[in-house]
There are 2 protein chains.
Amino acid sequence: MTTDATRAAATIEEVAAAAGVSRSTVSRVVNGSTAVSPSALEAVRRAIEELNYVPNRAARSLASRQTYAIALVVPEDTTRFFGDPFFASIVSGINARLNRSDYVLNLFIASDDRGDKTTSYLRSGAVDGAIIVSHHTSDTFIDRIAAAVPVVYGGRPVRERERDYYVDVDNVRGGRDATTYLIARGHRRIGTIAGPLTMPAGVDRLEGYRVALAAAGLAEDVVEEGGFTADGGADAMRRILARGPHPDALFIASDLMARGALSVIAAAGLRVPEDIAIVGFDDSPVATSVTPQLTTMRQPSFDQGEHMASLLLDLLAGKHPRHVTILETELIERASA
Amino acid sequence: MTTDATRAAATIEEVAAAAGVSRSTVSRVVNGSTAVSPSALEAVRRAIEELNYVPNRAARSLASRQTYAIALVVPEDTTRFFGDPFFASIVSGINARLNRSDYVLNLFIASDDRGDKTTSYLRSGAVDGAIIVSHHTSDTFIDRIAAAVPVVYGGRPVRERERDYYVDVDNVRGGRDATTYLIARGHRRIGTIAGPLTMPAGVDRLEGYRVALAAAGLAEDVVEEGGFTADGGADAMRRILARGPHPDALFIASDLMARGALSVIAAAGLRVPEDIAIVGFDDSPVATSVTPQLTTMRQPSFDQGEHMASLLLDLLAGKHPRHVTILETELIERASA
DNA sequence: GTGAAAGCGCTAACAC
DNA sequence: GTGTTAGCGCTTTCAC
């Protein structure tokens, strides 16, 4: 704490006095109203500069019922949030859009506090709206947030309702295309390491895998859940190898899980793609940092973040945007399959 | 946006009416005052429950001049913030402490918006205090934040002043111990990949390296800057290999940079530790996820986060904590040196 | 173009 | 133990 910190901040009243105008005029200047004479404008600007004036946010939002802040709520623990490049892209995308607006982003890693403090914070009018990504079937506090402020979901909501707004990628199709690629390469015993089945993304990619196999008349091979983490992917891979003859190809529903699986495969003395071919999902930086580099389904996470922010901003501006936006995935061929 | 969202939130006035008491009594209940009769308490609780009442944050903080929010400001770009496990630990530590308090954490990745919007947000009374980590010599907006709210720094501030509060690890000693270890293992041509010299942590670890060499009467070998990122570490390593006979040991000032360097060394057909021994810094999850696993200086980042939060909370509570806390590092022996 | 006045929802004396 | 009152610092009609 600096000694400066104790010096009380200037108020609009003081600025008005210094500029020789009324509160209203200062407010007009601060809020960019055109109905101010050049001389008053100049006087106010100088006073603001001199007094180092910044409008008090609490007072402003109490009066205007706007905060110009939006929340990003991530119901994950800190480790997973930071460990997965997916979130980095999402945040970058959101910020990219917000930088072209007056809104600031507040980040909440919700499961760190069991959701309670975060929930009441959001319900107390601290933000104008919220973006919620990565939510699980068990995250019931989400509904309480959605009852209080406009919400945009990243990914299909767990219990989708008609009035929900969300931006998703076509996960079923992505899972299907990845698996179909493996089939086209001649593989017949194709397993999968799925994401958590408590999350729509996990469920949908698994469904895509099944759709592709069914379409080709192939039987489903091993299915293991990997929790969207590198460690989870490694564990899943160990279980797969432990159960006997391994599949000759694997669709792994995230690059991070693929990285975990890759290390287990290497440790077992098997080669990729010769012994086991692998297609990942994300095309995050992880995909090119492993050996062999991953053939993977690219999902446009940065775009998804930007879209979500745009959608929420439109909502807050009173517009009526489309409820659902689905972005496409794309297969990126590298060395793992 | 759900239809529910348009239903106006209940006010303290409505709760008071429903409970048949005055505003003050409701306020007392909400703020946990003991001076309330059991019957009134019960009535108010029921009314709050029924009306789904959450106090309006703006109104509350306007009246009380407290927000019960603190900011974590990280002047890094999103990629680096998410890519380095160091930040994950810091955030976990801060949250661990905050969960035992009434405060919520607001995260600001400051360089995404050139610092302006963030700065005025923080200066507008939106938070009661701020924790600032990873700041660079070029981050001048920091001073404007520190002039408005109590600030605790993670790491020695760039321009340290007596009144500053901060929690740091003993980086000079850490760099010295790491290098001394290499010397003790018989290495004589010891280089370093340093962190950014615009950051105290980068400067201090480099100084530690120099102190150790001087104490042993050894000449300084190659010094390259790696920017605390994996890519930066890889680039630095390439420059080192390109300049001729390579050193036989390297102190690398972060595990992430070590990971980058390791991949370049492997690609060059050299072995670790036989051809080049390496000591990293952090003991982050990266240290055990690479091959060979890193011998590294452990720094207690989670503790650092917790300490910073405690310090700030004490400050906000009007206590007078010590200005500076220095945490110790510890050498963790693994396979890379 | 400008100012006066009311009020946003709450806390915090202060009286009873 | 409880209610009344006066703000907190701003925006926003509404006159002029």
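Chain letters run A, B, ... following the sequence lines, proteins first and then strands; every chain starts at 1.
The closest side-chain donor-acceptor pair between B/E76 and B/S134 falls under 3.5 angstrom.
Residues forming a side chain to side chain contact (heavy atoms under 4.5 Å, CB included) with A/A43 (at least two apart in sequence, or on another chain): A/A19. Scored by the side chain to side chain contact (heavy atoms under 4.5 Å, CB included) test, A/S27 finds A/I12, A/N31 as partners (sequence neighbours excluded). Under the rule for a salt bridge (charged side-chain N to carboxylate O under 4.0 Å, His left out), B/E160 has no partner lying at least two apart in sequence or in another chain. Remark: B/R100 engages B/R97, B/E306 in a side chain to side chain contact (heavy atoms under 4.5 Å, CB included) (not counting sequence neighbours). The salt bridge (charged side-chain N to carboxylate O under 4.0 Å, His left out) test applied to A/R159 returns A/D143, not counting sequence neighbours. Judged as a side chain to side chain contact (heavy atoms under 4.5 Å, CB included), and not counting sequence neighbours, the contacts of B/S138 are B/H136.
A tilted orientation is assigned to the rings of B/F108 and B/Y121, their planes being inclined by 30° to 60°.
Two end axes, each from the C1' atoms of five base pairs, can be drawn for the helix from C/dG1-D/dC16 to C/dC16-D/dG1; they diverge by 30°, to 10 degrees.
Residue pairs meeting the side-chain hydrogen bond (donor to acceptor under 3.5 Å, both in side chains) criterion with at least one partner in residues 36-47 of chain A, sequence neighbours excluded, are A/S37-A/S39, A/E42-A/R46. Among residues at least two apart or in separate chains, there is no ring pair (Phe, Tyr, Trp, His ring centres under 6.0 Å) pair with a member in residues 43-65 of chain B.
Taking 4.5 Å as the limit, every side-chain heavy atom of B/I70 sits out of range of all side-chain heavy atoms of B/N106.
For DNA chain D, the neighbouring residues in residues 24-49 of chain B, judged by any heavy atom under 4.0 Å, are B/S24, B/T25, B/R28, B/A35, B/V36, B/S37, B/A40.
In the 5' to 3' direction, nucleotides of DNA chain C lying under 4.0 Å from heavy atoms of chain A begin and end at C/dG1 to C/dG9. Of all nucleotides in DNA chain D having an atom under 4.0 Å from a heavy atom of chain A, the first and last in 5' to 3' order are D/dG9 to D/dT12.
Judged by distance alone, with hydrogens and angles left aside, the side-chain atoms of B/S92 form no donor-acceptor pair with the main-chain N or O of B/F302 at under 3.5 Å.
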Exercise for the section: Test B/Y153 against B/H135 for ring pair (Phe, Tyr, Trp, His ring centres under 6.0 Å), laying out the working first. Expected result: CA-CA 9 Å; B/Y153 296 92; B/H135 80 290; 5.3 Å; yes
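B/R23 comes within contact range of at least one nucleobase, with a heavy-atom separation under 4.0 Å.
Between A/R60 and B/S64, the residue whose closest nucleotide on DNA chain D is further toward the 5' end is B/S64.
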